[in-house]
Amino acid sequence: MKQDLIEEVPCNLCGKDQSKIRYQSLEGWPGDGGQYAATTDRFGAYGTIRQCLSCGLVYTSPRVKAGAIHQAYEETQDQDYFLEADSRSINAYLALSMVRRFAPSGRLLEVGCATGFFLNAARLTYEVHGVEPSRWARDYARENLKLEISERDLKTARFPDGHFDVVAAIDVIEHVPDPAGLLAEIRRVLKPGGVLYLVTPDIDSLSARLLRGKWWGLRPAHIYYFSPKTLQELLRRQGYETALCRSYGRIFTWNYWLSRLTNYPKFLSRALAAVIRTFGVEDKFLYLDTRDSMQIIARRPRG
């Protein structure tokens with residue numbers, strides 16, 4: 001990675017520049033090729049992860065500059081994403097069941113909509129639109145699912161003020177160079193009383209604290225690591241009211257869950273592989289809530 005593409009950044013929550021190193025990986029550099037795909041199994045090479053001494057936000061610094069990050073996502077392709085297409089569709093309906101409790105109808109925007117599985121499920125209830133930086137993912141969603149997808153990012157989409165009843169950002173906020181700016185723009189396009197739905201890893205979870213530098217959430221493409229406390233504080237500062245914060249579980253096949261263990265002690269993956277072979281459940285679905293991802297519902301106040 002060229003030095004002119006790397007930058008030091010202050011805390012995105014409080015703006016201060018005093019931090020301590022929480023984790024450090026010397027295995028390569030975040031931003032090297034092939035690490036921005038959703039299905040990547042590279043969880044090392046995450047660089048230097050710092051914790052703000054003032055507010056506690058955890059983030060990567062130094063890191064790849066914003067322009068280079070956007071370009072990497074625009075060029076990303078991920079054919080393996082479709083290997084769990086059925087699981088991703090089921091997970092979309094699980095997320096929608098939560099969203100519908102707070103916003104049963106209206107216009108819905110998904111920021112970082114990938115190939116459109118969530119929007120395809122949501123179109124049964126909502127008038128849907130998506131924003132996605134990956135050219136490959138946009139083309140799939142447009143051509144195969146006939147979805148309306150804007151290019152690149154939310155700011156360049158230029159949606160009108162107060163246009164949407166719901167905005168969803170699932171496994172997105174940890175990737176963006178400016179989470180505060182993203183939340184500000186989402187607030188602008190939300191109607192007063194509108195709902196924001198977020199999903200992101202939880203750096204304060206039990207597994208993150210136990211596994212430390214080996215936790216799955218520490219990966220090159222993640223540049224912010226939120227806890228319920230820091231994310232809700234960021235939302236508050238950007239003018240939101242949090243209505244719900246709880247853990248987020250997912251459904252995948254047994255084989256997929258096995259593939260996620262590649263960076264953990266070998267005895268774990270070998271034991272699980274033996275169980276899978278014994279019972280012949282390779283392609284069966286398994287719902288797991290490992291309590292280290294969180295989902296948040298927040299509102300733009302009406303007043």
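This one's a predicted model, so the numbers in the text were calculated from it and none came from an experiment.
- Taking 4.5 Å as the limit, every side-chain heavy atom of Glu185 sits out of range of all side-chain heavy atoms of Asp153.
- Remark: side-chain polar atoms of Glu132 are paired, donor with acceptor, to backbone N or O of Cys113 under 3.5 angstrom.
- Listed here is the closest heavy atom pair of Gly116 and Leu145: O-CD1, 3.8 Å.
- Judged by the 6.0 Å and 45° rule, Arg299 forms no cation-pi pair with Phe102.
- Looking at Thr242 and Arg236, their side chains never come closer than 4.5 Å, going by heavy atoms from C-beta outward.
- Thr125 has its side chain out of reach of Leu96: every pair of non-hydrogen atoms, C-beta onward, lies at least 4.5 Å apart.
- Counting only heavy atoms from C-beta outward, the side chains of Ile69 and Ile223 approach each other to under 4.5 Å.
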Self-check item: Residue pair Lys20, Leu53: steps toward the side chain to side chain contact (heavy atoms under 4.5 Å, CB included) verdict
Solution: CA-CA 7 Å; Lys20 64 179 180 181; Leu53 293 175; 4.0 Å; yes

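- Here the closest heavy-atom approach between residue Met294 and residue Pro201 is recorded as CE-O, 3.9 Å.
- Remark: Arg107 does not engage Asp165 in a salt bridge, criterion side-chain N to carboxylate O under 4.0 Å.
- Under the 4.5 Å side-chain heavy-atom criterion for ILVMFWY residues, a single connected hydrophobic cluster contains both Leu272 and Phe267.
- Side-chain contact between Tyr126 and Val99: present, with at least one pair of heavy atoms (C-beta onward) separated by less than 4.5 Å.
- For Tyr46 and Tyr23, the ring centers are positioned 6.0 Å apart or more.
- Under the 4.5 Å side-chain criterion, counting only non-hydrogen atoms from C-beta, Leu235 is in contact with Leu196.
- Tyr240 contributes a side-chain N or O that, together with a main-chain N or O of Arg187, makes up a donor-acceptor pair within less than 3.5 Å.
- Ion pairing of Glu233 with Arg237 is present here, as a side-chain N (NZ or NE/NH1/NH2) and a carboxylate O approach within less than 4.0 Å.
- Relative orientation of the His175 and Tyr73 rings is perpendicular, given thresholds of 30° and 60° on the angle between their planes.
- The backbone N or O of Gly47 lies less than 3.5 Å from no partner atom in the side chain of Arg63, so there is not a single donor-acceptor pair.
- Other residues, nucleotides and ligands place more than 12 heavy atoms under 6.0 Å from the CD atom of Glu282.
- Classified by interplanar angle (parallel below 30°, tilted 30° to 60°, perpendicular above 60°), the ring pair Tyr225/Trp215 is tilted.
- No side-chain donor from either of Ser54 and Gln18 sits under 3.5 Å from a side-chain acceptor of the other.
- Linking Ile, Leu, Val, Met, Phe, Trp and Tyr residues whenever their side-chain heavy atoms come within less than 4.5 Å places Tyr256 and Phe279 in a single cluster.
- Without hydrogens or angle criteria, Arg209 side chain to Asp204 main chain gives a donor-acceptor distance under 3.5 Å.
- The same ILVMFWY cluster, assembled from side-chain heavy atoms under 4.5 Å apart, contains both Val199 and Tyr81.
- The side chain to side chain donor-acceptor pair (under 3.5 Å) with Ser207 is formed by just one residue from the set Asp292, Asp202, Thr290; it is Asp292.
- Minimum heavy-atom separation, Thr48 to Ile21: CG2-CG1, 3.9 Å.
- More than 12 heavy-atom neighbours from other residues, nucleotides or ligands sit within 6.0 angstrom of CD on Glu75.
- At distances below 3.5 Å, at least one donor-acceptor pair connects side-chain atoms of Arg300 with backbone N or O atoms of Leu190.
- Side-chain atoms of Ser134 come within 3.5 Å of backbone N or O of Ala137 as a donor-acceptor pair.
- Leu108 has its side chain within reach of Phe118: a pair of non-hydrogen atoms, C-beta onward, lies under 4.5 Å apart.
- Judged purely by atom type and a 3.5 angstrom limit, Glu174 has no side-chain atom pairing as donor or acceptor with the backbone of Phe226.
- A donor-acceptor pair is defined here as one N or O able to donate and one able to accept, closer than 3.5 Å; such a pair exists between the side chain of Asn12 and the backbone of Ala180.
- Figure legend: Arg250 and Tyr248 shown without cation-pi pairing, the cationic atom not lying both under 6.0 angstrom from the six-membered ring centre and within 45 degrees of its axis.
- Inter-residue side-chain proximity for Arg291 and Ser205 is flagged as unmet; no heavy-atom pair is nearer than 4.5 Å.
- No single ILVMFWY cluster, assembled from side-chain heavy atoms under 4.5 Å apart, contains both Phe285 and Phe117.
- Looking only at distances, a side-chain donor or acceptor of Gln232 sits under 3.5 Å from a matching main-chain atom of Pro228.
- Remark: side-chain polar atoms of Ser61 are paired, donor with acceptor, to backbone N or O of Val9 under 3.5 angstrom.
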